[in-house]
Amino acid sequence: MLFMVQMTVKKPHDIDPAVWADIIAREREYGQKFMKNGKFPHIWRVVGKFSNVSIFDVESTDELHQILSNFPLFPYMEMEVTALAKHPSALN
Ligand SMILES: O=C(O)C[C@H]1C=CC(=O)O1
C-alpha cells in the first residue's frame, strides 16, 4: 500500500539547540533505516518550508502509523496522510 505523507516540522522556539540537534540526528538515522529496507522510498523537501513530502510503501495503515509515530520528531510534526491508488494512465 502506498501513502503520501506531508510532514511539517514545528520547531519549539525555546528548545535547547543541543537537544534539537540530537533529535534531528536520531530522526535521520531512524528514517534512513526505512529508506534502506524499501518502506520509505522517497522524501522530498517542500521548497521554502520546514516540510517534506514522503512516500511510504507499507503493508497496512497500522504499520504506517507505527513507523510515523516512532519518528523522533513526531511530537514536533504535523502529518497529513493520503492513500494512493494506481492511476489508469500510468505506464508502470
Ligand atoms: O526534515 C524533515 O523534513 C523532517 C524529517 C522527517 C523525516 C526525515 O527524515 O526528516
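Counting starts at 1 for both ligands and their atoms, in listed order.
Every heavy atom of Arg28 sits 4.0 Å or more from the atoms of ligand 1. At least one heavy atom of Phe50 sits closer than 4.0 Å to an atom of ligand 1. Within the structure, ligand 1 has Arg45 among the residues with a heavy atom less than 4.0 angstrom away.
Between the side chains of Asn52 and Ser54, at least one donor N or O lies within less than 3.5 Å of an accepting N or O.
Near Met7, with a cut-off below 4.0 Å to any heavy atom, the atoms of ligand 1 are 6 (C). Listed by number with element, the atoms of ligand 1 under 4.0 Å from a non-hydrogen atom of Asn52 are 2 (C), 3 (O), 4 (C), 5 (C), 6 (C). Counting the atoms of ligand 1 from 1 in the order shown, those under 4.0 Å from a heavy atom of Val9 are 4 (C). Residue-ligand proximity, Leu73 to ligand 1, at heavy-atom distances under 4.0 Å covers atoms 4 (C). Under a 4.0 Å criterion applied to the non-hydrogen atoms of Phe71, ligand 1 contributes the atoms 7 (C).
Given atom 9 (O) of ligand 1, the protein heavy atom at minimum distance is Ile43 CD1, 3.8 Å. At the shortest separation from atom 7 (C) of ligand 1 among protein heavy atoms lies Glu27 OE2, 3.2 Å.
Linking ILVMFWY side-chain heavy atoms closer than 4.5 Å, directly or via other members, places Leu84 and Val5 in two distinct hydrophobic clusters.
Note that the CG atom of Asn37 and the CD atom of Gln32 stand 12.0 Å from one another [nearest 0.5 Å].
Heavy atoms of Ile24 found under 4.0 angstrom from ligand 1: none, in either backbone or side chain.
Taking the six-membered ring for Trp and thresholds of 30 and 60 degrees, Phe34 and Tyr30 have ring planes more than 60 degrees apart, a perpendicular arrangement.
Scanning all heavy atoms of the two residues, the minimum distance from Trp20 to Leu73 falls at CH2-CD2, 3.4 Å. The nearest pair of heavy atoms linking Ile55 to Pro41 is O-CD, 3.1 Å.
The distance criterion of under 3.5 Å between nitrogen or oxygen atoms is not met by Ser51 with respect to ligand 1.
Between Phe50 and Arg45, the closest side-chain pair of non-hydrogen atoms falls below 4.5 Å. Put simply, the side chain of Phe71 reaches to within 4.5 Å of the side chain of Met7, judged on heavy atoms.
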